[in-house]
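Below: the structure, in structure tokens.
Here is the naming used below: chain letters follow the sequence lines, and residue numbers restart at 1 for every chain. Bear in mind that the values here come from a model prediction, so they are computed numbers and not experimental data.
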Amino acid sequence: MSGERYNPRESEPKWQKIWDERQSFVTSNDDPREPYYVLEMFPYPSGRIHMGHVRNYSMGDVVARYHRARGKNVLHPMGWDAFGLPAENAAIERKTHPGAWTYSNIAAMKKQLQSMGLSIDWTREIATCSPDYYRHQQAMFIDMLKAGLVTRKSSKVNWDPVDMTVLANEQVIDGKGWRSGAPVEQRELTQWFFRISDFAEDLLSALDELKDWPEKVRLMQRNWIGKSEGMRLLFEIVPSDKTDAGAVDVFTTRPDTIFGASFLALSPDHPLSASLAADNPELTEFIAEFHRQGTATETLEKAEKKGVFTGIRVKHPVIEGETLPVYVANFVLMDYGTGAVFGCPAHDQRDLDFARKYHLPVKPVVLPIDADPASFTIGDEAYVDAGNIFNSEFLDGLSIEAAKKKVAEHFGARMVDGQVQGRIEVNYRLRDWGISRQRYWGCPIPVVHCEVCGTIPVPKKDLPVVLPEDVSFDKPGNALDHHPSWKHVSCPQCGAAARRETDTMDTFVDSSWYFARFTAPDAETPTIPSIADRWLPVDQYIGGIEHAILHLLYSRYFTRAMKATGHVGLDEPFKGLFTQGMVTHETYKSEKGEWVPPTEIVFETDGEQRRARHAQTGAPISIGSVEKMSKSKKNVVDPDEIVGGYGADTARWFMLSDSPPERDVQWTESGVEGASRFQQRVWRLVHDILEIAEQSSKTVSSNGADALALRKIVHRVVAGVGHDIEALSFNRAVARIYELTNALAKAKDGVAGAALREALREGIEYLILLINPMMPHLAESCWEAMGKTTLAADADWPQVDPALLVDDEVILPIQINGKRRGEISVAKGTPASEVEQLVLAMDAVQKALDGKSPKKVVIVPDRIVNLVV
RNA sequence: GCGGGCGUGGUGAAAUGGUAGACACAAGGGACUUAAAAUCCCUCGCCGAUAGGCAUGCGGGUUCGAGCCCCGCCGCCCGCACCA
């Protein structure tokens with residue numbers, strides 16, 4: 001055998017250079033072969049890749065290389081999600097320009113990614129902060145503006161007081177900014193919006209067709225869109241001197257409980273609340289207090305349900321002569337429905353709490369099945385389940401569903417305040433996507449505000465609207481707005497002095513179409529629709545679950561908006577979606593309770609317990625829980641150190657082994673060493689077998705049975721690995737490859753004849769091709785050692801001989817009363833009657849039967865035998 | 001509160017309703033070596049000397065047969081959360 005160890009530090013750069021020189025992974029749009037588009041979520045250029053990237057891109061690369069070997073024309077590009085606030089923060093801290101910082105980060109990360117040996121077409125690289133990219137985004141924005149997909153409106157927004165910018169609802173997590181973590185405040189601002197809510201129904205129903213998406217993600221999006229079917233209902237105000245308004249408009253999903261209504265509640269933000277507050281000091285104070293403490297979503301959630309009577313009453317819509325009091329209540333959202341609700345305390349917990357507090361009537365109108373109408377009462381718990389309507393005149397006896405229909409008919413035929421009193425309405429939780437950000441480092445919104453002409457889009461010939469280079473970040477807030485001259489322009493329509501829009505776009509806009517731009521990255525238009533439509537949708541998209549709502553929902557919307565403006569011809573951008581788990585690591589703490597990085601620790605074991613000490617001081621270290629790698633807990637492992645030490649293939653292999661890809665994976669030193677050992681083992685095995693194969697066969701006397709047995713294993717593994725990769729079950733593919741390696745190592749020791757030598761040769765050749773998607777550098781080195789003059793990267797996936805997948809002998813386990821008691825080897829396809837005879841004749845079976853005859857004999861041909869005694 | 005997911009050896013995990021624990025890590029024993037590293041071989045769910053028994057969070061059920069299907073608990077994780 002070759003005594004030399006495989007040296008990844010030498011071989012990996014060598015193959016990377018060769019792939020690069022031969023342009024192995026450059027994809028042509030004109031290639032006639034079947035297209036396959038695999039994409040991993042592009043990274044934010046923070047400056048360094050982390051293990052999460054390694055895992056993500058290792059998976060994507062396996063898919064890309066596998067499909068390339070299967071003869072597809074594979075598109076596997078990479079780019080940079082390069083706009084965003086960290087660049088501005090860095091500019092402030094380091095007195096540099098956001099662009100300079102970003103581009104130097106890109107260069108550093110690109111080098112790191114290249115050292116991983118990914119099969120990426122780097123000729124298609126894009127950075128969203130480049131005018132070459134964002135000018136097309138601006139062009140599409142103008143198209144969408146003209147198509148009515150974009151709107152500008154004043155609304156209450158989530159204001160991040162640290163980042164000094166606006167956040168979309170989706171970007172507020174637990175009442176805090178998704179990036180800054182600061183409690184979010186509510187402010188009233190004029191903003192640009194994509195009218196995503198117009199697409200709510202389509203975005204919701206199309207989820208059903210995304211069969212290659214995780215059910216979990218579809219469900220999260222479904223909940224986020226939040227469809228609810230209900231009714232809009234007008235309550236006529238009893239005339240008084242308090243207000244001129246004729247009716248209050250209410251949204252409800254439970255019109256069937258209308259007879260149980262006992263009050264109306266308005267949001268403090270409801271226009272009627274404000275007008276009623278004018279001569280009502282108590283109400284004024286209540287609304288003011290609501291606004292004081294109601295800024296942060298968090299405090300809002302914990303607040304007690306409170307309200308103030310407004311002094312006005314409405315007519316009960318179905319009970320003649322009765323009226324209901326109107327309250328302003330802190331739990332009614334202005335954002336949802338109409339900002340007003342009717343309270344039916346018997347069948348809604350919130351309403352019940354409110355009613356008990358203010359001593360309002362509680363009248364049950366839904367009777368649980370089998371309950372006695374005479375004695376059924378509501379205590380502290382509202383009854384919200386199924387039942388039949390009672391206490392409700394013309395609805396009595398109906399089911400909830402039937403009652404809803406009847407109520408709709410009833411109110412649909414009546415008029416209040418000059419309008420139909422009630423009509424069916426569908427409401428969505430999904431709000432329009434506010435994209436205005438008061439930041440410099442983002443795509444400028446290409447419009448001009450003219451006092452004469454209003455808001456005018458920048459003519460396309462004047463695009464791109466480029467960010468000014470000479471900016472200062474001395475003052476907090478928007479550097480673009482502070483720039484002395486940039487915003488002063490003349491109106492493109494009338495020529496008068498006008499002002500540029502200084503808001504830039506949310507960076508989620510940038511990432512909502514990059515996958516389309518990759519299909520024609522140098523085009524003079526945002527896309528070349530015929531080419532985009534050929535590649536899209538992305539066949540396999542891979543990324544983190546944290547983008548389940550934001551990025552993926554926006555991209556789905558944006559693709560529809562691009563279709564409406566003629567830039568693509570499809571609705572859904574991602575056919576297959578896979579969300580990978582996080583990379584975790586043990587945490588370590590010193591006796592003082594400080595986090596200690598794994599690089600500073602040595603481990604020892606006494607066979608029972610693992611202990612840790614500080615490498616330099618020898619101080620004891622406590623081993624803590626396994627957590628997501630994070631700087632704050634110091635449990636990060638730097639990919640550069642792993643790639644520089646063990647090599648990229650080892651890191652890749654380890655990321656794919658053991659843990660199912662959707663689950664979290666724990667990075668361990670021993671796991672990496674195991675991966676590295678396997679790398680050496682393959683290298684040795686290939687050389688050992690080559691040596692055996694080259695020996696002249698003096699004793700050609702093999703009957704071929706051993707060779708056939710080996711070939712069966714080889715072909716079964718090849719078929720299995722292909723299957724596993726297509727299912728993205730990389731850990732199972734890895735296990736099969738280990739099995740093959742074990743089988744080859746065993747077989748090589750017993751070589752008797754030429755047939756087995758040939759089988760071994762086929763075995764290692766296939767082994768190399770199987771590991772190629774996962775450890776491509778090692779595969780090339782082994783391929784070369786075999787004397788091949790081509791590249792493993794260009795080799796076809798091994799052909800499976802179907803005949804070798806079939807066994808002519810099968811081993812049937814024999815169960816007695818469901819417990820395994822023995823086995824029998826029979827020819828495949830042996831009929832049940834024959835098997836029964838054979839089994840009953842067996843000693844072990846006779847012994848177990850103890851002279852009795854079985855009550856029942858279950859025989860599943862080629863699978864199992866079960867005797868019931 | 002609502003919705004979803006997951007509970008299998010010391011560990012990561014396998015297992016179209018059909019031999020539970022493949023494969024790997026860790027551990028232990030042995031070979032080789034002056035020694036170490038590397039490598040190779042063996043053991044490795046629990047109880048039991050063996051025969052065998054018990055084992056997939058707990059309790060039931062369906063089935064010839066359940067880790068897998070159904071019902072009820074317990075625990076952990078994730079998402080949403082005053083949505084009328």
Side-chain angles (χ1 to χ4, degrees), chain A residues 1 3 5 173-174 214-224 226-228 230-231 250-255 257 265 267 297 300-305 329-333 335-344 347-351 353-354 427-430 545-546 548-549 605-610 626 654 657-660 662-666 668-675 677-678 680-681 684 729 731-742 745 749 811-823 854-860 862-869:
Chain A
M1 82 166 237
R5 285 173 63 77
I173 293 148
D174 291 335
E215 186 51 43
K216 179 187 166 87
V217 175
R218 294 198 285 171
L219 192 69
M220 281 165 74
Q221 292 212 352
R222 237 172 245 134
N223 291 340
W224 188 264
K227 180 177 183 173
S228 67
M231 198 176 174
V250 157
F251 178 74
T252 177
T253 56
R254 294 297 302 274
T257 63
S267 164
T297 320
L300 204 93
E301 280 166 16
K302 286 169 190 151
E304 187 193 359
K305 285 166 193 48
N330 63 355
F331 63 86
V332 182
L333 305 171
D335 257 6
Y336 190 80
T338 59
V341 299
F342 82 74
C344 175
H347 306 292
D348 181 289
Q349 193 58 46
R350 258 174 335 209
D351 295 345
D353 295 346
F354 192 81
N427 247 293
Y428 299 91
R429 208 185 74 110
L430 182 67
I545 186 75
E546 66 273 20
I549 296 169
T605 176
D606 57 10
E608 292 276 304
Q609 266 209 317
R610 240 170 105 245
V626 174
F654 178 56
S657 331
D658 293 347
S659 289
E662 69 278 7
R663 236 179 272 182
D664 290 354
V665 65
Q666 189 188 341
T668 61
E669 194 59 26
S670 56
V672 184
E673 275 165 12
R677 270 201 301 274
F678 179 68
Q680 296 295 343
R681 188 163 174 231
R684 255 191 336 268
S729 296
N731 58 319
R732 294 199 296 192
V734 164
R736 285 186 211 275
I737 290 173
Y738 275 119
E739 259 175 273
L740 175 58
T741 311
N742 292 341
D749 294 333
I811 293 170
L812 299 183
I814 297 166
Q815 296 180 335
I816 291 169
N817 291 334
K819 300 263 184 213
R820 186 178 180 276
R821 282 293 180 271
E823 60 182 38
K855 238 193 279 178
K856 186 169 181 184
V857 180
V858 180
I859 296 175
V860 183
D862 297 341
R863 288 233 77 125
I864 203 160
V865 178
N866 192 13
L867 305 176
V868 186
V869 182

Selected nucleotide, minimal atom distance to [X] side chain, candidates [options]:
X        : options             : answer
A/Arg863 : B/C64, B/A26, B/U16 : B/U16
A/Gln815 : B/A84, B/C23, B/G18 : B/G18
A/Arg684 : B/U16, B/A81, B/U39 : B/U39
A/Ile864 : B/G18, B/U39, B/A84 : B/G18
A/Pro660 : B/G18, B/U19, B/A13 : B/A13
A/Asn866 : B/G18, B/A38, B/G12 : B/G18
A/Lys216 : B/G18, B/A84, B/C78 : B/C78
A/Thr252 : B/A84, B/A26, B/A38 : B/A84
A/Ser659 : B/C64, B/G12, B/C23 : B/G12

Separation of the [atom1] atoms in [N] and [M], to the nearest angstrom:
N     : M     : atom1 : result
B/A14 : B/G9  : C1'   : 13 Å
B/C2  : B/A22 : P     : 41 Å
B/C32 : B/C42 : C1'   : 15 Å
B/C70 : B/G17 : P     : 12 Å
B/A51 : B/C47 : P     : 16 Å
B/C82 : B/C76 : P     : 24 Å

Can you tell me if [X] touches the phosphate of [N], counting only side-chain N or O atoms and a distance under 4.0 Å to OP1 or OP2?
X        : N     : result
A/Arg677 : B/A26 : yes
A/Arg222 : B/G79 : no
A/Lys305 : B/C82 : no
A/Arg663 : B/G12 : no
A/Asn731 : B/A14 : yes

Can you tell me the base-pairing partner of [N]? Count Watson-Crick or G-U wobble geometry only, both distances below 3.5 Å, and say none if there is no partner.
N     : value
B/G21 : none
B/C44 : none
B/C6  : B/G75

Which part of the nucleic acid does [X] contact within heavy-atom distance under 4.0 Å: base, sugar-phosphate only, or nothing?
X        : answer
A/Val332 : base
A/Val868 : sugar-phosphate
A/Ser657 : nothing
A/Tyr738 : sugar-phosphate
A/Arg681 : sugar-phosphate
A/Asn742 : sugar-phosphate

| task | Report the residue (A/Glu739 or A/Leu219) whose heavy-atom-nearest nucleotide on RNA chain B is the more 5′ of the two. | result | A/Leu219
| remark: Residue pair A/Asp348/A/Met220 against RNA chain B: nearer the 5' end by closest nucleotide is A/Met220
| Side chain A/Ser267, main chain A/Val332, donor-acceptor under 3.5 Å | yes
| message | Between A/Asn427 and A/Ser228 (side chain of the first, backbone of the second, donor and acceptor by atom type, cut-off under 3.5 Å), is there such a pair? | response | no
| request: Based on the glycosidic angle (syn within 90° of 0, else anti), state the conformation of B/G9. | output: syn
| task | Could you go through the salt bridge (Lys or Arg N to Asp or Glu O under 4.0 Å) check for A/Glu739 and A/Arg736 one step at a time? | result | CA-CA 5 Å; A/Glu739 259 175 273; A/Arg736 285 186 211 275; 5.9 Å; no
| task | Kindly say whether, by distance alone, the side chain of A/Asn223 makes a donor-acceptor pair under 3.5 Å with the base of B/C80? | result | no
